[in-house]
Amino acid sequence: MALIRIPERQQTISGTAEVAKFLAGHGISHERWESAPRVPPDASADAVLAAYADKVDELKARGGYTTADVIQVTPDTPNLDTMLAKFNREHWHDEDEVRFIVEGRGLFHISPPDGPVFAIEVEAGDMISVPRGTHHWFDLCTERRIRAIRLFQDASGWTPRYTESGVDANFQPLCFGPSFVRAEDSRRAM
Ligand SMILES: [Fe+2]
């Protein structure tokens, strides 16, 4: 389930309805789908798209998206740091950034024009749509693992456009989901 943190206010927002309401106030759609993956971890991209065809078709109809693909990142992904470096600096796109998280976790930071930066931690079962033009950046959590369905109105519009503001350097890409809890537990056990 997605979790929101607003570092400047030291505020955390949890709960499906509360998260969706907060994000809607920033034009961001969030829905909670089922968290149990419909496919095994080694399923092909085509198998993932086939398994979620009903959801993908619904989103396409709703948002005018024409294509969908699957992105899969693991610690073994070649040139992972180079890939991640494209997205962990503040940028925007000329089309919506729509993701359904099939497995793993990640962290979006959003920098609204009229309010403090906030972080959205997403995990399996979360669907998020960040509108075109929204200033944001993205990091993986400590497991460095995510698989997500991406939808595009026009894939050519999805190039990152960097603000070069440097604001991203002020925020730690810290996730507070299961791995953080496990780390806390292990420290207590030591
Ligand atoms: Fe992006």
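Numbers here are sequence positions counted from 1. Indexing begins at 1, ligand by ligand and atom by atom, following the structure's order. In what follows, every heavy atom counts, from backbone to side chain, and hydrogens, waters and symmetry copies are set aside.
- Angle NE2(H93) to the Fe ion (ligand 1) to NE2(H136): 100° [nearest 10 degrees].
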Side chain to side chain contact (heavy atoms under 4.5 Å, CB included), that's the test. Do V130 and I128 meet it? Break it down for me.
CA-CA 6 Å; V130 179; I128 188 167; 4.2 Å; yes
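- Side-chain contact between R161 and D94: present, with at least one pair of heavy atoms (C-beta onward) separated by less than 4.5 Å.
- The Fe ion (ligand 1) is closest to atom NE2 of H91 (considering only N, O or S atoms).
- Using a 3.5 Å distance cut-off with no hydrogens or angles, the side chains of H135 and H91 do not pair a donor with an acceptor.
- For the pair P131 and T134, the tightest heavy-atom approach, listed with the atom from each and the gap, is O-OG1, 2.7 Å.
- For E97, the N, O or S atom closest to the Fe ion (ligand 1) goes by the atom name OE1.
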